[in-house]
Structure formats: structure tokens, C-alpha cells
**Student:** 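Take a look at the following structure, please.
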Amino acid sequence: MRLTYPALLAGFSVAAALFASGPLGAVPSQPVWLDGGEILNRFGDQTIDGRYASGKAFTERYAADGRVTYREPGMSLAGRWSVTEGTLCTIYDGDASGGCYRVARVDSNCYEFYFVSRTEAAAPGPADGKPAWTARGALQGQASSCHDQPSV
């Protein structure tokens, strides 16, 4: 079968349109801030492996029942997680180190967490406040696509 230039051009145009619309798992060209529903869908009943700006590694499990477990070398915490005002909140039992974070998807399996408030009651933080980059993580069971520097 011989394809003519117009047929090739038409095929290329269709392929380009499909590529531009992208599949659901496509890599964003810019960081994408997740809303509350997206946070629930992506993190509910999932575990992430992450790193802080200091390089310290951590693992956090967001159980379907709202419980959270956190581990880093030499420390384990338990508590609860929620989605409040479009932020992911992790509140640990007897430890004030948790808080609420805006979440940005920066690659196919890379999420960045930006601190906005210490409590759910204060989420999403002050209107004029800028979220502070805290950590980056990837869902377990998939190849991580995280890089070294924050994206936002």
C-alpha cells in the first residue's frame, strides 16, 4: 500500500492531536496543583517514599480508613490523614510535626509537598502566604520520576 503526502499529513495531524491531548498518565509540562478530589484519588490507600530538602528519606502510608503511618530512620509515627481545603493534612498522635500541605504533581510519579499550615483548622493557610517546599515523593509500586530540585 502506498501512502500519499496528503494521507501522511492527515495521519500526522491526528497523531499530533492525540499526543497534545495526552493520556491520563501523561507527564505535565508544568507542575499541576492537585485539588481535594485528586489528592484523595491519588493518595488514598497508598504509600509514598520521599525525601526532604535535607535528603532524609521517609515513607508514609495513607490507609483507606484515614490512618497514617510515618517512618524515617530512627522514628515512627502514627496518626490520621485528611484532605482539608484542598490540602493533604497529616496529624500525628502526640507529635506536633505534622501539618497540611498543598500537593503538586511534577512528573508521572513525582509529587511535591508544600507546607501551608500546622493544623486542619488553619488550612489552607493565609491568603497572602506562599507555601514552603517541604518534600518530594513517589507512590510505591511504580518507578519514581522525581528529580533533585523543587519545581515550584
Side-chain angles (χ1 to χ4, degrees), residues 13-152:
S13 296
V14 169
L18 288 172
F19 180 77
S21 65
L24 292 176
V27 175
S29 60
Q30 296 281 329
V32 176
W33 293 106
L34 302 184
D35 65 26
E38 292 166 321
I39 292 169
L40 283 171
N41 287 335
R42 292 188 190 272
F43 294 98
D45 203 25
Q46 295 290 325
T47 301
I48 63 164
D49 290 319
R51 291 202 178 276
Y52 294 108
S54 67
K56 184 184 289 187
F58 70 92
T59 298
E60 194 159 53
R61 170 87 182 141
Y62 309 101
D65 67 359
R67 298 296 299 165
V68 64
T69 53
Y70 172 90
R71 291 185 321 273
E72 67 177 52
M75 180 194 303
S76 293
L77 298 171
R80 61 184 169 74
W81 73 280
S82 68
V83 175
T84 305
E85 297 292 326
T87 66
L88 171 65
C89 299
T90 54
I91 308 300
Y92 304 114
D93 300 334
D95 190 293
S97 65
C100 298
Y101 305 84
R102 289 197 61 202
V103 181
R105 179 175 171 232
V106 296
D107 210 328
S108 58
N109 185 26
C110 187
Y111 301 89
E112 292 183 345
F113 302 89
Y114 292 79
F115 178 81
V116 294
S117 68
R118 188 58 60 202
T119 66
E120 292 162 304
D128 60 347
K130 182 178 179 194
W133 188 84
T134 305
R136 177 179 292 115
L139 298 171
Q140 280 187 355
Q142 304 172 33
S144 172
S145 57
C146 291
H147 305 290
D148 292 337
Q149 299 297 318
S151 299
V152 176

**Student:** Any side-chain donor paired with an acceptor under 3.5 Å for Ser82 and Glu120?
**Tutor:** yes
**Student:** Which heavy-atom pair separates Glu85 from Ala123 by the least distance, and what is that distance?
**Tutor:**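 Minimum heavy-atom separation between Glu85 and Ala123: CG-O, 3.5 Å.
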**Student:** Nearest 0.5 Å please: distance from the CG atom of Leu40 over to the CD atom of Gln46.
**Tutor:**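 With rounding to 0.5 Å, CG (Leu40) is 12.0 Å from CD (Gln46).
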**Student:** Does Asp93 come within less than 4.0 Å of Arg67, counting only side-chain N to carboxylate O?
**Tutor:** yes
**Student:** Could you tell me which non-hydrogen atom of Glu72 sits nearest to which non-hydrogen atom of Phe58, and how far apart they are?
**Tutor:**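 Taking every non-hydrogen atom into account, CB-CB, 4.3 Å.
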**Student:** Please find the pair of heavy atoms, one from Gly137 and one from Cys146, that lie closest to each other, and give the distance.
**Tutor:**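 Nearest pair, atom of Gly137 first, then Cys146: O-SG, 3.6 Å.
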**Student:** So do the side chains of Thr87 and Tyr101 get within less than 4.5 Å of each other, counting heavy atoms only?
**Tutor:**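 No - every pair of side-chain heavy atoms lies 4.5 Å or more apart.
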**Student:** Just wondering, are more than 12 heavy atoms of other shown residues or ligands nearer than 6.0 Å to CZ in Arg61?
**Tutor:**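 Yes, enclosed.
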**Student:** Can you tell me how far apart CD1 (Ile39) and CZ (Arg105) are? Round to the nearest 0.5 Å.
**Tutor:**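 Here the interatomic distance stands at 13.5 Å.
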**Student:** How far apart are the C-alpha atoms of Phe43 and Val103, what are their side-chain angles, what is the distance that settles it, and do they pass the side chain to side chain contact (heavy atoms under 4.5 Å, CB included) test?
**Tutor:** CA-CA 11 Å; Phe43 294 98; Val103 181; 3.9 Å; yes
**Student:** Which atoms form the tightest heavy-atom contact between Ala135 and Tyr52, and what is the distance?
**Tutor:**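 Closest approach of Ala135 to Tyr52, heavy atoms only: CB-CD2, 3.8 Å.
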**Student:** Grab the two heavy atoms, one from Ala63 and one from Trp81, that are nearest each other, plus how far apart they are.
**Tutor:** O-NE1, 2.9 Å
**Student:** Quick one about Arg42 and Tyr111 (side-chain donor to acceptor, distance below 3.5 Å, no hydrogens or angles considered), yes or no?
**Tutor:**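 Judged by distance alone, the side chains do pair up.
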**Student:** Is a side-chain donor or acceptor of Gln142 paired with a backbone partner of Leu139 at a separation under 3.5 angstrom?
**Tutor:**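 Checking the backbone N and O of Leu139 against the side chain of Gln142, no donor-acceptor pair under 3.5 Å is found.
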**Student:** Mind telling me whether Tyr114 and Trp133 have parallel, tilted or perpendicular rings, with 30° and 60° as the class edges?
**Tutor:**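 Ring orientation of Trp133 relative to Tyr114: perpendicular.
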**Student:** Measuring only between side-chain heavy atoms, which start at C-beta, is Thr59 closer than 4.5 Å to Ile48?
**Tutor:** no
**Student:** Do Thr90 side-chain atoms and Leu88 backbone N/O form a donor-acceptor pair below 3.5 Å?
**Tutor:** no
**Student:** Compare all side-chain heavy atoms of Tyr70 with those of Met75 and state whether any distance is below 4.5 angstrom.
**Tutor:**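 A side-chain contact under 4.5 Å exists here.
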**Student:** Any side-chain to backbone donor/acceptor pair from Asp107 onto Cys110? Under 3.5 Å, distance only.
**Tutor:** no
**Student:** For Ile91 and Val68, which heavy atoms make the closest approach, and how far apart are they?
**Tutor:**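 Shortest heavy-atom contact: O-CG1, 4.5 Å.
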**Student:** If you measure only the distance, is there a donor-acceptor pair under 3.5 Å linking the side chains of Asn109 and Ser144?
**Tutor:** no
